[in-house]
Asks: 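The structure follows.
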Amino acid sequence: MKIAFAGLGVMGAPMARHLVEAGHDVTGFNRTTAKTLAWATATGGKAAATVAEAAQGVELFILCVGNDDDVRTVVTEALPHLADGAVIVDHTTTSAKVAREMAELAQGQGRQFVDAPVSGGQAGAENGQLSVMAGGDAAALATAEPALKAYSKAIKHMGPAGSGQLTKMVNQIAIAGVVQGLAEAVHFAQVAGLDTDAAYEAVSKGAAQSWQMDNRWKTAAKGEFEFGFAVDWMRKDLGLVLDEARSNGARLSLTALVDQFYAEVQAMGGNRWDTSSLAARLQSRD
């Protein structure tokens with residue numbers, strides 16, 4: 001399949017690499033030209049200097065960029081250059097509103113747009129083990145799915161345009177609560193004078209077990225927060241969640257509280273720390 005991939009950051013670069021390794025004809029684009037060239041050199045993919053060049057005649061246009069405005073810009077620039085009937089798959093975490101907007105825009109120009117945010121973080125992208133939650137036309141997703149499987153372990157169609165983004169919000173709500181619970185558990189174990197490694201072994205095989213516990217307990221206990229998804233990005237995502245909740249009436253008191261805790265972590269200089277750094281704000285009070 002002839003594919004373009006826009007956004008070659010810590011997530012997009014390995015995702016696009018997996019597409020090349022799967023045998024697809026892939027053209028990459030990033031706003032930072034050096035990143036585009038480095039990716040192409042490392043993978044054997046093609047490099048494009050502009051979105052329009054990357055999109056020229058492609059059947060599948062994939063993007064993984066920063067925010068709503070980035071998605072609007074890239075999709076608007078790409079649309080006139082895509083093959084007739086092309087599918088656009090957006091892996092960016094955005095508002096459901098912009099997903100619906102882009103789906104309508106694409107359909108008006110004879111293309112299809114699928115909002116397909118992912119979960120699994122940088123490690124999932126590197127290892128080709130991402131979970132994809134998708135909204136939009138089911139047939140369009142079916143067209144793209146063979147390519148998406150190059151970097152995904154699970155792909156779930158959730159409903160019409162915007163449904164993928166709403167499902168990603170569910171994911172982030174759940175993570176926020178779990179990570180705060182983990183931070184408090186580590187903090188309590190330390191204050192109580194327990195051996196934190198032993199405490200992990202004692203509780204991680206029972207009902208308290210979670211991905212966050214298995215992957216972040218020991219590093220959080222050591223005050224190491226240089227892994228995975230950054231606080232700045234989590235706050236962006238929780239902002240989308242809370243905006244949506246204000247619209248639909250969902251009551252997210254814990255999520256709003258954890259968002260403020262992350263603001264405290266940012267004030268500590270932890271913008272690029274991973275999300276388990278909620279433990280840092282508790283450790284600073286020890």
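Start at 1 with the first residue, then count along the sequence. Every heavy atom of this structure was used, including side-chain atoms; hydrogens, water molecules and symmetry mates were not.
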Asks: Can Glu244 and Lys97 be counted as an ion pair, charged N to O under 4.0 angstrom?
Replies: no
Asks: Say whether Val170 and Leu257 are linked into one hydrophobic cluster, either directly or through other cluster members, by side-chain heavy-atom distances under 4.5 angstrom.
Replies: no
Asks: Would you kindly confirm whether Val58 and Leu105 end up in one hydrophobic cluster when ILVMFWY residues are joined by side chain heavy atoms under 4.5 Å apart?
Replies: yes
Asks: Take a 6.0 Å sphere around CZ of Arg251 and say whether it holds more than 12 heavy atoms from other residues, nucleotides or ligands.
Replies: no
Asks: Cluster question for you: counting only ILVMFWY and a side-chain heavy-atom cut-off of under 4.5 Å, with indirect links fine, are Leu182 and Val203 together?
Replies: yes
Asks: Where the side chain of Lys236 meets the backbone of Gly66, is there a donor-acceptor pair that is under 3.5 Å apart?
Replies: yes
Asks: Linking I/L/V/M/F/W/Y whenever any side-chain heavy atoms sit under 4.5 Å apart, do Leu254 and Leu242 land together?
Replies: no
Asks: Give a yes or no on whether Val265 and Trp233 share a hydrophobic cluster (residues Ile, Leu, Val, Met, Phe, Trp, Tyr; joining criterion: side-chain heavy atoms under 4.5 Å apart).
Replies: yes
Asks: Got Phe61 and Arg111 here, is their nearest side-chain heavy-atom distance under 4.5 Å?
Replies: no
Asks: Taking ring-ring contact (aromatic ring centres under 6.0 Å, His included) as the cut-off, I'd like each qualifying pair that reaches into residues 8-41, sequence neighbours left out, listed once.
Replies: none
Asks: Output every pair passing ring-ring contact (aromatic ring centres under 6.0 Å, His included) with a member in residues 141-173, not counting sequence neighbours, ordered by first then second residue.
Replies: His91-Tyr151
Asks: Charged N to carboxylate O under 4.0 angstrom, Arg31 versus Asp70?
Replies: yes
Asks: Nearest 0.5 Å, please: how far is CD in Glu201 from OG1 in Thr196?
Replies: 10.5 Å
Asks: Sub-3.5 Å donor-acceptor pair from the side chain of Asp115 to the main-chain atoms of Gly162, do we have one?
Replies: yes
Asks: Taking side-chain hydrogen bond (donor to acceptor under 3.5 Å, both in side chains) as the definition, give me every residue that meets it alongside Asn271, ordered by chain and number, with sequence neighbours left out.
Replies: Asp232
Asks: Roughly how far apart are Arg72 CZ and Met102 CE, rounded to 0.5 Å?
Replies: 6.0 Å
Asks: How long is the span from the CZ atom in Arg272 to the CD atom in Gln266, to the nearest 0.5 Å?
Replies: 10.5 Å
Asks: Measure the CE-OG distance between Met213 and Ser276 for me, rounded to the nearest 0.5 Å.
Replies: 13.0 Å
